[in-house]
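Here is the naming used below: chain letters follow the sequence lines, and residue numbers restart at 1 for every chain. What you see is a predicted model; the values in this text were computed from it and never measured.
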Number of protein chains: 2
Amino acid sequence: METKGKRILIADDEPDILEIVSYNLGKEGYEVYTAKDGNEAIERAKQLNPDLIILDVMMPKKTGVEVCSILRSQSLFQETMIIFLTALSDEASHIKGLETGADDYVSKPISPKVLVSRVNALFRRINKDDGKTLKIGNISIDPVKFIVEIDGNEVILAKKEFELLYLLASKPGRVFLRNEILSQVWGMDVIVGDRTIDVHIRKIRQKLGVDCITTVKGVGYKFEI
Amino acid sequence: METKGKRILIADDEPDILEIVSYNLGKEGYEVYTAKDGNEAIERAKQLNPDLIILDVMMPKKTGVEVCSILRSQSLFQETMIIFLTALSDEASHIKGLETGADDYVSKPISPKVLVSRVNALFRRINKDDGKTLKIGNISIDPVKFIVEIDGNEVILAKKEFELLYLLASKPGRVFLRNEILSQVWGMDVIVGDRTIDVHIRKIRQKLGVDCITTVKGVGYKFEI
DNA sequence: TTTCCATCTTAACATTAAGTTTACACAAAT
DNA sequence: ATTTGTGTAAACTTAATGTTAAGATGGAAA
């Protein structure tokens, strides 16, 4: 995998955590840098322009949330991914963290494997969503122009419909659980009713007029031709 | 949901700790097994193939770190999660532990609550990426695409049928007791009638059209070609 | 602002498939 | 011959999804 060259900045006031996390991410081939408080995090972020910043919420000088919103206000860090480390209890800051534009959060105590796999997942997601036009059979899906074409005929989908179709089509054949769909298309914190996904699936099927989404009962949906 | 049926092996030379920890994890619905030194830990791990192994670092016969690296060198334990119990001071073994591939640490003295919540967290997150395609002879079972193929021909199974087949096929040749099947596929708390498994087995046999599930009368079923 | 429009969500109900039980047949072991 | 365990088919129950239409929302145009 091309994790190489990806820079990650980790800010935490506990040396143990810095050590464990940087060791594990380093092992995966990332360039890892550390900071031990909020101010240092901002400073180093400006120097390094990392691809990903992992912020402890509770830090001296500035909290992770503060750091996040300061960085996000600058255009340079508009696209930078941010993960929060939070204490399990700290429910309120989860919400705040997400509001200030974090991409993910991981609850302490941290499992290195879990963190690494989340980081990998984030990069994986980002790498793909670079706006590649998907082409599966006679269907093409262009996330930049926001257009779906079947045999050259343009089909117009609404935002959610498009995102859902794009998700499924990004890994043809793979079954996506309803949970996965919810967290990817709607977001982890959003709670919507049981039938919402179905209805969107139905509309997609209807608009496309092609039977390319298969239901796997009790499991989820998959895209295949 | 399915913390049930998850097997945990705990190795520690202090009976008190074994008792407290297994009591607390047992209460959560895990199947808990114990070992009182390094050698016994390895032996039981091979018997049980647990989902998680909790190792005391300081043990007679073999240390937790030694046990870990021995197990990790075998493919069977490549994916098994491992947690170390360490004395707080023991900084050096942290590093060593990480090198041998542990997933988490808990420092002594242990708070049962903390340990339980870490274990739960591990299982919660890990549950996501446990999808490996099994290939036995001309049969392949892909839990990501939710597809079974025989000589390249796709066979569609329902959820329970698939889970049951996947379980049996995960250890070809091994006999699964009806109890085991029930707790792994259905969950420990679910109570279903006597013939339920048979009927599912029958449907699988029927759909596959290949005789790959063998009845071991009075014992259970096994997958073999 | 108000109105309009498309999108998104929800609720209620219909439909289908999955899963379970029942009842009995059969086979092997005692 | 009786007991025990499993196979089979059909009836039955439950769970999951499909469908439709009716609000809710929010942005754009009048």
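B:K203 has no carboxylate O lying under 4.0 Å from a charged side-chain N of B:D198, or vice versa, which leaves the two without a salt bridge.
Here B:Y221 lies in heavy-atom contact (under 4.0 Å) with sugar-phosphate atoms only.
The base of D:dT4 is not paired with the side chain of B:K217 by any donor and acceptor separated by under 3.5 Å.
Side-chain contact check for A:F84 versus A:C68: some heavy-atom pair is nearer than 4.5 Å.
C:dA18 atom C1' lies 12 Å from atom CH2 of B:W186, rounded to whole Å. Rounded to whole angstrom, the span from the CD1 atom of B:I191 across to the P atom of D:dT14 amounts to 16 Å. Between the CZ atom of B:F162 and the C1' atom of C:dA18 there is a distance of 16 Å, rounded to whole Å. In this structure, B:L164 atom CG and C:dG19 atom P are separated by 11 Å, rounded to whole Å.
Within residues 193-206 of chain A, the residues that place at least one heavy atom under 4.0 Å from DNA chain D are, in residue-number order, A:R195, A:D198, A:V199, A:R202, A:R205.
For residues 140-157 of chain B, the set of pairs meeting the side chain to side chain donor-acceptor pair (under 3.5 Å) definition, not counting sequence neighbours, comprises B:N138-B:D151. Residues in residues 182-217 of chain B take part in these ring pair (Phe, Tyr, Trp, His ring centres under 6.0 Å) pairs, two or more places apart or across chains: B:W186-B:H200.
The B:K160 side chain lies nearest to C:dG19 when the options are C:dC8, C:dG19, D:dT17.
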